[in-house]
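Below: the structure, in structure tokens.
Proteins get letters first, then strands, A, B, ... in listed order; numbering begins at 1 in each. A quick note: this is a predicted structure, and the numbers were derived from the prediction, not measured.
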Protein chains: 2
Amino acid sequence: MLRRVEYAVVMATQDMREPTFLILAALANGKKHGYALIGEADELSGGRVKLKVGTLYAALDRLQAEGAVASAGEEVVDGRHRRYYELTDHGVAVLGDEVARMEQNLEQAKARLRMRPVPPVAVRLS
Amino acid sequence: MLRRVEYAVVMATQDMREPTFLILAALANGKKHGYALIGEADELSGGRVKLKVGTLYAALDRLQAEGAVASAGEEVVDGRHRRYYELTDHGVAVLGDEVARMEQNLEQAKARLRMRPVPPVAVRLS
DNA sequence: CATTAATAGTAAGGTGTTCGATATATAGCG
DNA sequence: CGCTATATATCGAACACCTTACTATTAATG
């Protein structure tokens, strides 16, 4: 007897870059509309990252296809159309994994940096 | 009077990916030869990252061109040729910046995750 | 009335890092 | 003699992201 089997497309999901990470992090405390994420990423990164709309919507498409983010309704505020996005359970897990990975790399790197010999001091007082 | 002006190539320096980060971290506690970095990255990442040779040597070339890593002599051990690499002062700074950036993103993401409502529990004991 | 800001997209073209495969050489092991 | 491990290296494909540049709608501001 033959069975038809569906495989989950695991989608190698190469490696998450900062813009994508910040989008997930921005959605972690509740749904947001697309444009708001530009400001959130700016804030979360301390002004370092200015998301471009091209980057933003491409990332949202990718994350939705991957099942980490889902549409969460639309709204009209002051005549402006807003489309909301939220993290799925899978998205929370993805972000959690990324956080764990960064935490580990961070600790290891800091430990290695601590092992370095003290750098020579410019002026040594006798 | 015309002046000839040279511009520093600022090299947008996108965003550092995990393999590159691990290479820098692996070199933070002393010089290593190229191939040894594969094992170091494996260890630092808790077995998650298996550096590919293509990635390794491409990254080393890039980091040397950028002045973050420098050659630190050669050696022949058991008939095997080893070429050593070490972090420059600039490389230490680059790694330090990356650590700081990760630390910030990490804290922000964890704070947001903490703001989430408690997820429903599968079985609740009365 | 024209412009700017907020909001949502799409498309073309390009960069940089990593992956996968391949090549070369030596030492050791069965 | 071939296989595995150590070691160096190169090349093309894949892919996330970037930049620039558009289209559209509504509200507010000059």
Does D/dC18 have OP1 or OP2 under 4.0 Å away from a side-chain N or O of A/Lys52?
no

salt_bridge(A/Glu40, B/Arg112) N-O dist < 4.0 Å
yes

Go through the structure and list residues passing salt bridge (charged side-chain N to carboxylate O under 4.0 Å, His left out) with A/Arg83, not counting sequence neighbours.
A/Glu74

Rounded to whole Å, CG of B/Leu56 lies from P of D/dA7 at a distance of 12 Å

5' priority, DNA chain C, between A/His81 and A/Gly54 [closest heavy atom]:
A/His81

Between P of C/dA6 and CZ of A/Arg83, the distance in whole Å
20 Å

Ignoring hydrogens and angles, write down the donor-acceptor pairs under 3.5 Å from the side chains of residues 51-65 of chain B, residues two or more places apart or on other chains.
from, atom 1, to, atom 2, distance (Å)
B/Lys52, NZ, B/Lys50, O, 3.1
B/Arg62, NH1, B/Thr20, OG1, 3.4
B/Gln64, OE1, B/Ser71, OG, 3.3

Does A/Met115 offer a backbone N or O that forms a donor-acceptor pair with the side chain of B/Asn29 under 3.5 Å?
no

Residues touching DNA chain C, which here means a heavy atom under 4.0 Å, drawn from residues 25-33 of chain A:
A/His33

OP1 or OP2 of C/dT17 less than 4.0 angstrom from a side-chain nitrogen or oxygen of B/Thr55, does that happen here?
no

Rounded to whole Å, OH of B/Tyr57 lies from P of D/dA7 at a distance of 9 Å

Please identify which of these residues, B/Glu107, B/Gln108, B/Gln104, meets the side-chain contact (heavy atoms from CB on, under 4.5 Å) condition with A/Leu44.
B/Gln108

Atom CD1 of A/Ile23 and atom C1' of D/dC17 are separated, to the nearest Å, by 11 Å

Pairwise distance CG(A/Leu95) to CG(B/Leu113) - rounded to 0.5 angstrom:
4.5 Å

So, is B/Arg80 near the phosphate of C/dT26, with a side-chain N or O under 4.0 Å from OP1 or OP2?
no

Would you say B/Thr20 places a side-chain N or O within less than 4.0 Å of OP1 or OP2 belonging to C/dT18?
yes

Distance, rounded to the nearest Å, where B/Leu37 contributes CG and D/dT6 contributes C1':
14 Å

Sidechain-backbone polar pair: A/Thr88 side chain, A/Gly67 backbone, donor-acceptor under 3.5 Å
yes

When rounded to whole Å, the CE to C1' distance for the pair B/Met16 and C/dT18 reads 15 Å

What is the distance, to the nearest angstrom, from the OH atom on A/Tyr84 to the C1' atom on C/dT7?
11 Å

Which residue lies toward the 5' end of DNA chain D, A/Phe21 or A/Asp78, if each is placed at its nearest nucleotide?
A/Phe21

What's the CZ-C1' distance between A/Arg82 and C/dG9, to the nearest Å?
16 Å

Just to confirm, is there a sub-4.0 Å distance from OP1 or OP2 of D/dC17 to any side-chain nitrogen or oxygen of A/Arg17?
no

A/Val53 or B/Ala59: which one's nearest nucleotide on DNA chain C is closer to the 5' end?
A/Val53

Of the candidates C/dG9, D/dA7, C/dT7, the side chain of A/Tyr35 sits closest to C/dT7

